Amino acid sequence: MIFSGFLIGLIFGVLLQRSRMCFNSAFRDVLLFKDNYLLKMALLAVAVQMILVHLLAQMGLIALAPSGLNWVANIVGAYIFGLGMVLAGGCASGVTYRAGEGLTTAWFAAIFYGGTAYAMRNGGVFSGVWKWFQGFGVAPFQYFDQTTGEGFSKLYLQKTGQTLPSVFGVNPWIVVVICAALILWYVFGTQTSERESKIGLKTAAVLLGAVGAFAWYFSELVGRNYGMGITGGWSNIWSVWLSGKPFSWDGLSVLGIVVGAAISAVMAKEFKLRMPRNPITYVQVMGGGIIMGFGATIGGG
Amino acid sequence: MADYGVSRVIDVRGEVCPVPDVETKRAIKGAKDGEILKVLVDYPLSVERIPESVKKLGSEILEVKKNGGSDWEIYVKVKKQ
């Protein structure tokens, strides 16, 4: 069943390649070019996945297990990750699917990104920094009592990381409805930048969100209470390569994304070994990869 | 069909977004009214983006031609108000 990770990754890779999804471009387009196409696609996919994941949890098919809340590490890590992704030429999933499209700089970015994430989690370089940041973590929250079955919410594991609902003490569905409503208002209520693309914004977002949600279900079947995870996946690939560890669900899903994007690019006649004209770009993406791995690990994602 | 009397070629093959987009815009800004630019691109996302940026600048896309693999030629007619 662990191979469901590879299949989910494969489908996700095809979707990412077709939809050109990329958080890095999404933010850059809005801030520098006043073009909101990709950001709307990303946010709509988030809304779809958010609703579906909570539905799956409501039906008892999955239990949510958010990683421990750590305001300091989450904010600092995310900021550093953002610097890294600009240098590396893409966010985590962006680099992963572009590696499959034949972008050679993405290969180097991914290698250094995954290698750094693996090292930090396994006592290697910067692992002391990671441990130091962990000291700011907020203690996990008791979502319900196992013996009585009573408590705050049964959508989560019994005791796991804090969430917006637990911090504000409101029903998780209230947070879902408010966030989804804000996103839907932004996506459908404001003007969208035009772009000719293979699959439309809405179709792409719904498919990406749905596959993302099913990822939670299939990964739960192998005892992993989480959705897709690119950083953990690359880190796992490194542990397989360096220390002979077995593949995990997310490691296989990352391999699936690379293969899926490659198949999709070849079929669309878009595959090409792309090399930058300026070789310095390789140095830049390797540095970016290290910074991304560092930021992602500190940020807890 | 590809003989538009191209006055300048912008070769951004090997570059990924946003470089092809930015270089095309820069070339349009530096060109004269009526000039024909040919942009060589090999990155699919940029092929979808460039026509929208060209239109935003008020210029015209004459043709987006795909050459076999991941290679495109975009013909732009520069228009200055």
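Computed from a prediction, not measured in an experiment: that's the story for all the values here. Within every chain, numbering begins at 1; the chains are lettered A, B, ... in the order of the sequence lines, protein sequences first and strands thereafter.
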Greatest number of heavy atom pairs closer than 4.5 Å to chain A - which of Gly14(B), Pro18(B), Ser53(B), Pro51(B): Pro18(B)
Under 4.5 Å from a heavy atom of chain B, the part of [X] involved:
| X | value |
| --- | --- |
| Leu103(A) | side chain |
| Ala265(A) | neither |
| Phe33(A) | both |
| Arg274(A) | side chain |

Val76(B), Val78(B), Leu62(B) screened by side-chain contact (heavy atoms from CB on, under 4.5 Å) with Ile36(B), the one that passes: Leu62(B)
Heavy-atom pair count under 4.5 Å with chain B, highest-scoring of Thr281(A), Leu273(A), Asp29(A): Asp29(A)
Among the listed options Lys272(A), Met275(A), Arg98(A), Glu101(A), the residue most often paired with chain B at heavy-atom distances under 4.5 Å: Lys272(A)
Ser70(B) side-chain N/O to Glu270(A) backbone N/O, donor-acceptor pair under 3.5 Å: yes
Main-chain N/O of Lys66(B) paired to Lys269(A) side chain as donor or acceptor, under 3.5 Å: no
Contact class of Val22(B) relative to chain A, heavy atoms under 4.5 angstrom: side chain
Which atoms of Glu15(B) approach chain A - backbone, side chain, both or neither, heavy atom under 4.5 Å: side chain
Report yes or no: do [X] and [Y] form a side-chain donor-acceptor pair below 3.5 Å?
| X | Y | result |
| --- | --- | --- |
| Tyr4(B) | Glu63(B) | yes |
| Arg20(A) | Ser25(A) | no |
| Lys40(A) | Thr192(A) | yes |

Short N-O contact, Arg49(B) and Asp35(A), less than 4.0 angstrom: no
